[in-house]
Amino acid sequence: MINDRIQRQEAGDNSTNYQAENININQGITYRDAKDIALDIYRQNFMQLSEQAAKVALERVEEFVDEFLDKLQSKSPSLLDVMNQPSIQHSLYSAQKQYAVTGDEELKGLLLDLVVQRCEKENRSIHQIVLDEAIAVASKLTVEQMDALTINFIISRTVDNNIVNLDAFFEHLDTSVIPFLESLRFDSSCYDHLPYVGVATIEYTGLIPQLYEQYREKYAAAFSKGLSKEIVDEVVSSDPSLSKHFMICHEYPNLLQVCALNENSLRFVCQKDGVSNEGIDKLISLLRQSTMSSEEAKVFLLDRRPALKKLFSIWEKTLINKIFLTPVGVAIAQANLQRRTGKMLMLDMWVK
């Protein structure tokens with residue numbers, strides 16, 4: 001039999017036409033689909049509550065889902081497709097449940113960042129497992145404990161290579177250190193609880209140095225006392241190629257300093273420029289002799305940022321200086337940093 005039905009179609013600008021007897025088109029999960037999936041996960045799994053409590057919990061979940069999907073879509077609309085994966089649904093439900101129960105805004109922000117990161121890790125890996133664990137334990141931590149993890153992480157585990165001058169150094173303190181000091185406590189229970197949750201270990205035989213002790217090495221350029229022109233001229237006279245590795249001192253403009261953030265960056269740049277081993281040794285020696293001592297660094301920091309006095313005291317008198325973060329602790333610390341400052345650190349650097 002000949003099918004003699006006449007089919008006509010017209011198309012406007014920027015449109016796409018499809019013509020056939022039956023058409024099925026799968027264009028991926030839409031925002032609406034993703035929202036329905038997310039809310040169904042909650043409704044089908046959460047415990048039964050009284051009418052009033054259930055209403056409050058659902059309102060919180062809907063709020064959480066809207067913010068989660070907005071964040072996910074802003075990263076990449078294609079990430080909405082992961083909503084069909086059982087492991088993603090499990091992580092999302094864990095986060096929904098915690099916020100539905102607590103209603104804690106600080107916790108919500110942390111969970112949102114962790115779940116979005118989790119959606120970007122589809123393949124089963126240590127990274128994925130760490131994020132799942134971080135989501136599961138987040139509600140067992142107070143804001144004080146999250147901030148303690150973040151402070152410990154920033155001081156002991158990171159180097160900000162964007163610090164190119166003294167202004168950038170103090171901006172680092174103002175954005176990545178000082179905002180986390182207000183909530184820190186002298187109460188030992190704040191730190192004793194961390195190993196139980198699995199975010200840190202307490203090494204009683206170990207000791208993490210104070211910020212001013214670590215920073216004078218990591219950010220030696222910010223703690224330079226300067227070098228006289230005579231000292232620099234003497235070094236350059238024996239090797240003129242070294243002249244490019246000196247600059248005006250940040251703190252004392254009438255003096256000079258070695259042009260490098262720290263010893264590692266100095267060695268890297270010198271090797272790249274073909275500086276001899278002897279020349280590198282001379283520059284490192286000058287960097288060391290012109291860097292403030294620990295006590296000088298402490299006085300310098302307190303003079304410029306008095307708020308650090310609380311940190312130095314807590315670091316000396318509590319267990320925060322004996323806390324060594326687990327991968328789960330690192331995940332929570334970096335998510336808390338992102339929530340509070342907008343700075344995104346790649347977890348891959350610490351969790352392979």
Side-chain angles (χ1 to χ4, degrees), residues 28-29 31 33-42 44-46 61 64-102 104 106-141 145-146 149-150 152-154 157-158 194-201 323-352:
I29 295 178
Y31 186 99
D33 293 335
K35 184 171 183 178
D36 288 342
I37 292 171
L39 292 176
D40 283 346
I41 293 169
Y42 167 77
Q44 293 173 16
N45 290 280
F46 200 60
V61 169
F64 185 93
V65 167
D66 284 338
E67 292 187 38
F68 161 66
L69 292 177
D70 286 344
K71 278 179 170 284
L72 198 62
Q73 196 168 41
S74 67
K75 282 270 187 181
S76 172
S78 64
L79 283 175
L80 293 175
D81 290 338
V82 306
M83 291 295 296
N84 269 332
Q85 296 183 13
S87 61
I88 295 294
Q89 293 186 9
H90 180 271
S91 297
L92 177 59
Y93 173 63
S94 178
Q96 289 175 329
K97 181 172 63 173
Q98 292 179 62
Y99 181 58
V101 170
T102 66
D104 188 296
E106 305 276 1
L107 177 62
K108 180 184 72 173
L110 185 80
L111 288 169
L112 284 169
D113 286 333
L114 287 171
V115 177
V116 169
Q117 288 184 56
R118 174 62 182 82
C119 289
E120 295 178 290
K121 300 295 176 184
E122 295 185 50
N123 298 324
R124 182 170 167 77
S125 63
I126 291 296
H127 195 152
Q128 181 197 87
I129 293 169
V130 165
L131 286 170
D132 281 337
E133 287 297 311
I135 293 168
V137 305
S139 65
K140 298 178 182 178
L141 297 170
Q145 290 172 317
M146 293 178 193
L149 292 175
T150 303
N152 181 286
F153 173 63
I154 290 296
R157 303 284 289 274
T158 69
L194 298 177
Y196 169 77
V197 184
V199 296
T201 60
I323 292 172
F324 290 80
L325 273 59
T326 65
V328 175
V330 169
I332 289 176
Q334 63 87 26
N336 192 43
L337 178 70
Q338 180 181 358
R339 177 182 66 85
R340 296 279 296 277
T341 70
K343 291 185 177 181
M344 178 63 182
L345 300 182
M346 299 306 294
L347 188 58
D348 308 68
M349 294 179 63
W350 297 273
V351 181
K352 304 301 183 182

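Along the sequence shown, residues carry numbers from 1.
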Would you please test Glu120 and Leu79 for side chain to side chain contact (heavy atoms under 4.5 Å, CB included) and show each step?
CA-CA 7 Å; Glu120 295 178 290; Leu79 283 175; 4.1 Å; yes
For Thr326 and Val199, indicate whether the former's side chain and the latter's backbone hold a donor-acceptor pair under 3.5 Å.
yes
Write down the atom of [X], the atom of [Y], and the distance for their closest heavy-atom approach.
| X | Y | value |
| --- | --- | --- |
| Ile135 | Ser91 | CG2-O, 3.8 Å |
| Asn336 | Arg339 | OD1-NH2, 2.6 Å |
| Gln145 | Leu141 | OE1-CA, 3.3 Å |
| Ala134 | Ile332 | CB-CG1, 3.9 Å |
| Asp113 | Ala335 | OD2-O, 3.8 Å |
| Ala333 | Leu149 | CB-O, 3.7 Å |

[X] versus [Y]: any side-chain heavy-atom pair under 4.5 Å?
| X | Y | answer |
| --- | --- | --- |
| Lys108 | Gln98 | no |
| Gln334 | Gln117 | yes |
| Asn84 | Val82 | no |
| Gln338 | Leu345 | no |
| Arg118 | Ser87 | yes |

From [X] [atom1] over to [Y] [atom2], what is the distance, rounded to the nearest 0.5 angstrom?
| X | Y | atom1 | atom2 | value |
| --- | --- | --- | --- | --- |
| Gln85 | Gln89 | CD | CD | 9.0 Å |
| Asp70 | Lys75 | CG | NZ | 14.0 Å |
| Phe153 | Leu325 | CZ | CG | 8.0 Å |
| Cys119 | Leu80 | SG | CG | 9.0 Å |
| Leu131 | Leu114 | CG | CG | 6.5 Å |
| Ser78 | Gln73 | OG | CD | 10.5 Å |

So, using ring pair (Phe, Tyr, Trp, His ring centres under 6.0 Å) as the criterion, who are the partners of Tyr99 when residues are at least two apart?
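Per chain and number, Tyr99 pairs via ring pair (Phe, Tyr, Trp, His ring centres under 6.0 Å) with no residue.
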I need the single residue from Val101, Leu107, Leu111, Leu110 that forms a side-chain contact (heavy atoms from CB on, under 4.5 Å) with Ser139. Which is it?
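Looking at Val101, Leu107, Leu111, Leu110, the match for Ser139 under the side-chain contact (heavy atoms from CB on, under 4.5 Å) is Leu107.
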Yes or no on side chain to side chain contact (heavy atoms under 4.5 Å, CB included) for Met344 and Leu337, after CA distance, side-chain angles and deciding distance?
CA-CA 8 Å; Met344 178 63 182; Leu337 178 70; over 6 Å; no
Got a sec: does the NZ of Lys343 have more than 12 other heavy atoms crowding it under 6.0 Å?
yes
